[in-house]
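A quick write-up on the structure given underneath.
Computed from a predicted structure; not experimentally measured.
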Protein chains: 2
Amino acid sequence: MTVKPAPNENLLTPSEVATLFRVDPKTVTRWAKSGKLSSIRTLGGHRRYLESEVQALLSGVPQPRHAH
Amino acid sequence: MTVKPAPNENLLTPSEVATLFRVDPKTVTRWAKSGKLSSIRTLGGHRRYLESEVQALLSGVPQPRHAH
DNA sequence: ACGCAATTGGGTAATTCGGGGC
DNA sequence: CGTGTCCGAATTACCCAATTGC
């Protein structure tokens with residue numbers, strides 16, 4: 001059987017991420033804008049976030065960041 | 001090597017596309033109506049979408065647009 | 001021919017976007 | 001510097017009944 005790289009990533013809406021972090025959805029948008037959080041865009045421009053990334057951040061797992 | 005456009009393309013149903021973008025199937029229909037997403041029609045009027053186009057859009061790759 | 005999930009269409013709430021200011 | 005809030009405009013989600021797919 002083929003080893004599938006799981007192209008199917010669960011996505012979260014801005015409000016869902018905001019609820020998880022207990023912040024305003026606008027704040028989540030700022031995180032995305034500043035590159036702290038990666039995001040997918042709908043064809044209408046609305047953002048969707050990777051559940052795995054959000055979960056990792058919630059778990060306190062440091063995300064890969066640019067060495068500075 | 002030549003870049004060959006695949007003649008027979010895998011087709012996705014509205015709900016499948018909706019799941020990939022984390023939106024409502026009706027929203028995908030709206031994208032098709034507005035020309036943001038190309039679609040094939042069944043003989044009964046139901047829409048089918050090109051998997052390659054959907055994947056490209058998910059990847060953030062801008063689709064080739066018709067020059068006018 | 002029948003059943004059932006999915007899709008279609010319209011209409012109306014709820015979110016989200018972007019910018020600006022505190 | 002980061003966050004919450006206000007605003008208008010745009011996008012998306014949920015409601016219905018009828019049609020289509022398999």
Query raised in the report: Contact class for B:R47 (heavy atom, under 4.0 Å): base, sugar-phosphate, or nothing?
Result: sugar-phosphate
Report task. Using atom CG of B:D24 as one end and atom P of C:dG11 as the other, report the distance to the nearest whole Å. Result -> 18 Å
Query raised in the report: Can you check the B:R41 CZ to D:dT19 C1' distance for me, whole Å?
Result: 13 Å
Report task. Identify which nucleotide among D:dC22, C:dG20, C:dC17 has an atom closest to any side-chain atom of B:R48, counting heavy atoms from C-beta outward. Result -> D:dC22
**Report entry** Phosphate OP1/OP2 of D:dT11 contacted by A:T42 side-chain N/O (<4.0 Å)
**Finding:** no
Query raised in the report: How many Å lie between CD on A:E16 and P on C:dT16, as a whole number?
Result: 9 Å
Report task. Could you tell me whether A:E16 and B:R22 have a side-chain N and a carboxylate O separated by less than 4.0 Å? Result -> yes
Query raised in the report: Which residue, A:P25 or B:P25, contacts DNA chain C at a nucleotide closer to its 5' end, judged by nearest heavy atom?
Result: B:P25
Report task. Taking all heavy atoms of A:P25 and all of A:S15, pick out the closest pair and write down the distance. Result -> CG-CA, 4.4 Å
Query - Rounded distance in Å - CG (A:L43) to C1' (D:dA13) - result: 16 Å
Report summary line: Checking D:dT3, C:dT16, C:dG19 against the side chain of A:H46 (C-beta onward), the nearest is C:dT16
Query raised in the report: Does the C:dG19 base have a donor-acceptor partner in the side chain of A:K26 within less than 3.5 Å?
Result: yes
Requested in this report: Check B:F21 against A:R48 and note the closest heavy-atom contact, atom names and distance.
Outcome: O-CG, 3.5 Å
Query - Validation row: A:W31, A:V23 side chains within 4.5 angstrom (heavy atoms) - result: yes
Requested in this report: Take atom CG of B:L37 and atom P of C:dT7, then tell me their distance rounded to the nearest Å.
Outcome: 14 Å
Requested in this report: Measure the distance from CZ on A:R30 to P on C:dC22 and round it to the nearest whole Å.
Outcome: 15 Å
Report task. Identify which nucleotide among C:dT8, C:dT15, D:dT5 has an atom closest to any side-chain atom of A:S15, counting heavy atoms from C-beta outward. Result -> C:dT15
Query raised in the report: Can a side chain N or O of A:W31 be found less than 4.0 Å away from OP1 or OP2 on D:dG2?
Result: no
Query raised in the report: Within less than 4.0 Å of OP1 or OP2 of C:dG9, is there a side-chain N or O belonging to B:T29?
Result: no
Query raised in the report: Tell me: NZ of A:K33 to C1' of C:dG19, nearest whole Å?
Result: 8 Å
Query raised in the report: Taking atom P of D:dT3 as reference, at what distance in whole Å does atom CZ of A:F21 sit?
Result: 11 Å
Requested in this report: Could you please name the option among C:dG18, C:dT7, C:dG9 that lies closest to any side-chain atom of B:T13?
Outcome: C:dT7
Report task. Measure the spacing between OH of A:Y49 and CG of A:L57 and express it to the nearest 0.5 Å. Result -> 12.5 Å
